[in-house]
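Quantities reported herein were computed from a predicted structural model and do not represent experimental measurements. In this chain, residues are counted from 1 in sequence order.
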Amino acid sequence: MRGFDGGKKVKGRKRHILVDMSGRVIGRLVGSAREHDSVAAVELFAQAANRDWERLWKVYGDSAYGGERLRREAEKVGLELEIVKRKEGVKGFVVAAKRWVVERTIAWLSRCRRLAKDYEHLPSSSEAWIDVASIQRLLRGLAG
């Protein structure tokens, strides 16, 4: 289940996560790089709907998650999808409002050695390591 995403120049797998505004992981999905981000988002919305998240009602995403079809899928599970666009004329990586929370969480998770690279054979193993890394982060926060 590996592939190549020509737009992002990613070979192998892509990790998709859904986080709250504090950076806690709500949903995660590891899939082939050839799979479009909006396909993975539908699965993440389903994961969020299967849990009792009373406070989760709005989801922010970048332009890859745009489109009316994905907006309808989000509304089916009771979520509002808002696309955060980058500023006009800006090139390269720029921190975008609201989306930086996901980037920060990805950086925190990447501190876990097993998530630094794609070592795992199965996508489910990689998803389990995302869970382990997020649990470790939460425990460190509780310990002070």
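Between Lys14 and Glu35 no salt bridge is recorded (no basic side-chain N to carboxylate O distance below 4.0 Å). The residues Lys76 and Glu73 are annotated as salt-bridged, a charged nitrogen and a carboxylate oxygen being separated by less than 4.0 angstrom.
In terms of heavy-atom proximity, Ser126 sits nearest to Val30 at OG-CG2, 3.8 Å. Between Ala41 and Tyr65, the shortest heavy-atom distance links the atoms CB-CD2, 3.6 Å. The two residues Ser134 and Val25 make their nearest non-hydrogen contact at CB-CG2, 3.9 Å. Taking both residues in full, the closest heavy atoms of Cys112 and Trp129 are given as SG-CE3, 4.2 Å, listed atom of the first, atom of the second, then distance.
Val19 and Val84 fall within the same hydrophobic cluster, where Ile, Leu, Val, Met, Phe, Trp and Tyr residues are linked whenever their side-chain heavy atoms come under 4.5 Å apart, directly or through other members. In the hydrophobic cluster analysis, where Ile, Leu, Val, Met, Phe, Trp and Tyr join through side-chain heavy atoms closer than 4.5 angstrom, Met21 is grouped together with Leu109.
Taking CD of Glu75 as the start and CG of Leu70 as the end, the distance is 10.5 Å to the nearest 0.5 Å. The OG atom of Ser22 lies 7.5 Å from the CZ atom of Arg104; values are rounded to the nearest 0.5 Å. Atom CG of residue Leu29 and atom CD1 of residue Ile17 lie 11.5 Å apart, to the nearest 0.5 angstrom. Atom CG of Leu18 is separated from atom CG of Leu79 by 7.5 Å, given to the nearest 0.5 angstrom. Of the inter-residue distances, the one linking Leu138 atom CG with Arg24 atom CZ reads 7.0 Å to the nearest 0.5 angstrom. In this structure, OH on Tyr60 lies 11.0 Å from CG on Leu81, to the nearest 0.5 angstrom.
Residues that satisfy the side chain to side chain donor-acceptor pair (under 3.5 Å) test with Ser110, not counting sequence neighbours, are absent from this structure.
Side-chain atoms of Ile26 and Gln47, non-hydrogen and from C-beta on, never get closer than 4.5 Å to each other. Counting heavy atoms from C-beta on, the side chains of Arg15 and Ile130 come closer than 4.5 Å.
For CZ of Arg113, the number of neighbouring non-hydrogen atoms (other residues, nucleotides, ligands) closer than 6.0 Å is 12 at most.
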